[in-house]
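Have a look at the structure below, then the notes.
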2 protein chains.
Amino acid sequence: MVIEEAASQLEALGNESRLKIYRVLVRAGQTGIPVGQLQERVGIPASTLSHHLKRLVDAGLASQERQATTLICRADYRSMRALIGFLSDECCAEEGCVASSR
Amino acid sequence: MVIEEAASQLEALGNESRLKIYRVLVRAGQTGIPVGQLQERVGIPASTLSHHLKRLVDAGLASQERQATTLICRADYRSMRALIGFLSDECCAEEGCVASSR
DNA sequence: CCGCTATTTCCAAAGGTATGGAAATAGCGG
DNA sequence: CCGCTATTTCCATACCTTTGGAAATAGCGG
């Protein structure tokens, strides 16, 4: 993972609304969750939610799949795994840190 | 870790300059590194660097300690550990993710 | 107290982000 | 093709971020 990508993913997650959205996505598992239900769950206006979702998708943290008129959203676990890996490896490579204490 | 804190730390790391700075801090280990050396290392004007450092410190990701005229900066490993824990636990609690594949 | 180095704060400009209502679009089911 | 629901795009507004030069401050050593 290159630093630009890590930064853009961290930026995407570095907003309370988006982090909440992302958390709901994660809890929805592989099944995913439609935008509408997501909206009820997080209580954000549709327009705003759509903007935030786009940021998460653009950052590679989530994906969307059309099923008729509804859009199913899913967290991309691989990217989160890669991001956690980056934080552990690149940013926590020295003594005293989680990576070395394992 | 509460979601507000996680979001603010992710936001602090979600900027390429700050992520680079943070990485240098981590690599400097417990010894830490003076602001001046950090500046040479990342090639950012002193003023800008100072702003970024403040953000990292405010987010609890780094700390600073005066030693005479120089300021030693250090990464706060505990906060990174907590952040990685949050991402693994809160955001990756379902099937298919890193947390469950361990 | 002075000069010196290290670092911050002040200030201002430019651009980006967040927000959400209103209008547009997508994709059925009939 | 129409109406309907789901979702996005358009648009505008307010606010926040990033950037960096210049001036201010901190803390020595003399």
Side-chain angles (χ1 to χ4, degrees), chain A residues 3-25 28 31-76, chain B residues 3-25 28 31-76:
Chain A
I3 198 166
E4 292 85 9
E5 193 185 4
S8 83
Q9 295 188 343
L10 289 165
E11 185 183 33
L13 293 173
N15 169 280
E16 213 174 311
S17 297
R18 281 193 299 272
L19 192 50
K20 279 178 183 160
I21 291 166
Y22 185 76
R23 209 158 54 155
V24 174
L25 290 184
T31 314
I33 181 173
V35 175
Q37 279 183 42
L38 196 47
Q39 193 194 338
E40 291 171 18
R41 205 76 67 89
V42 295
I44 289 176
S47 171
T48 305
L49 176 59
S50 185
H51 291 310
H52 283 316
L53 275 172
K54 184 172 182 340
R55 299 270 257 117
L56 289 172
V57 171
D58 285 351
L61 289 164
S63 63
Q64 295 179 309
E65 182 199 354
R66 259 230 127 79
Q67 280 187 8
T69 51
T70 68
L71 245 199
I72 307 294
C73 307
R74 289 191 189 84
D76 185 321
Chain B
I3 198 164
E4 293 85 8
E5 192 185 4
S8 83
Q9 294 187 343
L10 289 166
E11 184 183 32
L13 293 173
N15 170 281
E16 213 175 309
S17 297
R18 282 194 298 273
L19 191 52
K20 280 178 184 160
I21 291 167
Y22 184 76
R23 208 157 56 155
V24 173
L25 290 183
T31 314
I33 180 173
V35 175
Q37 278 184 41
L38 197 46
Q39 193 194 338
E40 290 171 20
R41 205 74 68 90
V42 293
I44 289 176
S47 171
T48 304
L49 176 59
S50 185
H51 292 309
H52 283 315
L53 275 173
K54 183 171 182 340
R55 299 270 257 117
L56 290 173
V57 170
D58 286 351
L61 289 164
S63 62
Q64 295 178 308
E65 183 199 352
R66 259 230 127 79
Q67 278 186 10
T69 51
T70 69
L71 245 199
I72 307 294
C73 307
R74 289 191 189 84
D76 185 323

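Each chain gets a letter, A, B and so on, in the order the sequences are listed, and its residues count up from 1. These values consider heavy atoms only, across backbone and side chains, with no hydrogens, waters or symmetry-generated copies.
Using a 4.5 Å heavy-atom cutoff, the side chains of B:Leu10 and A:Asn15 are not in contact. Two residues are said to be in side-chain contact when any heavy atoms from C-beta on lie closer than 4.5 Å; A:Ile3 and B:Arg23 meet this criterion. Proximity of B:His51 to B:Ser47: side-chain heavy atoms (C-beta onward) are separated by under 4.5 Å at one or more points. In this structure, the side chains of B:Leu25 and B:Ile33 come closer than 4.5 Å at one or more pairs of heavy atoms. A:Leu38 places a side-chain heavy atom less than 4.5 Å from the side chain of A:Leu53.
The two residues A:Gln64 and A:Cys73 come nearest to each other via the heavy atoms NE2-SG, 3.6 Å. Closest heavy-atom contact between B:Tyr22 and B:Asp76: OH-O, 4.0 Å. For the residue pair B:Pro34 and B:Thr70, the shortest heavy atom distance occurs at CB-CB, 4.4 Å. B:Gln39 and B:Ala46 get closest at one heavy-atom pair: NE2-N, 3.5 Å.
In this structure, A:Ile44 atom CD1 and C:dA18 atom P are separated by 11 Å, rounded to whole Å. The nearest whole Å value for the distance from the CG atom in A:Leu38 to the C1' atom in D:dT7 is 12 Å. Atom CG in A:Leu10 sits roughly 15 Å away from atom P in C:dT17 (whole-Å rounding). Atom CD of A:Glu16 and atom C1' of C:dT19 are 15 Å apart (whole Å).
Between A:Arg18 and C:dA18 there is a side-chain polar atom (N or O) within less than 4.0 angstrom of OP1 or OP2.
The residue among B:Val35 and A:Glu11 whose nearest nucleotide of DNA chain C is located toward the 5' end is B:Val35. Residue whose closest nucleotide on DNA chain D sits further toward the 5' end, between A:Gln39 and B:Asn15: A:Gln39.
A 6.0 Å sphere centred on CZ of B:Arg74 holds more than 12 heavy atoms belonging to other residues, nucleotides or ligands.
Contacts of residues 61-75 of chain B with DNA chain D (heavy atom under 4.0 Å): B:Arg66, B:Ala68, B:Thr69. Near-neighbour residues of DNA chain C inside residues 45-58 of chain B, defined by a heavy atom below 4.0 Å, number-ordered: B:Ala46, B:Ser47, B:Ser50, B:His51.
Closest to the side chain of B:Ser17, from the set C:dT19, D:dT19, D:dT7, is D:dT19.
Between the side chain of B:Glu65 and the backbone N or O of B:Ile72, no donor-acceptor pair lies under 3.5 Å.
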Q) So what does the secondary structure string of DNA chain D come out as, 5' to 3', with Watson-Crick or wobble pairs under 3.5 angstrom, [ ] for crossing and | for pairs with another strand? A) ||||||||||||||||||||||||||||||

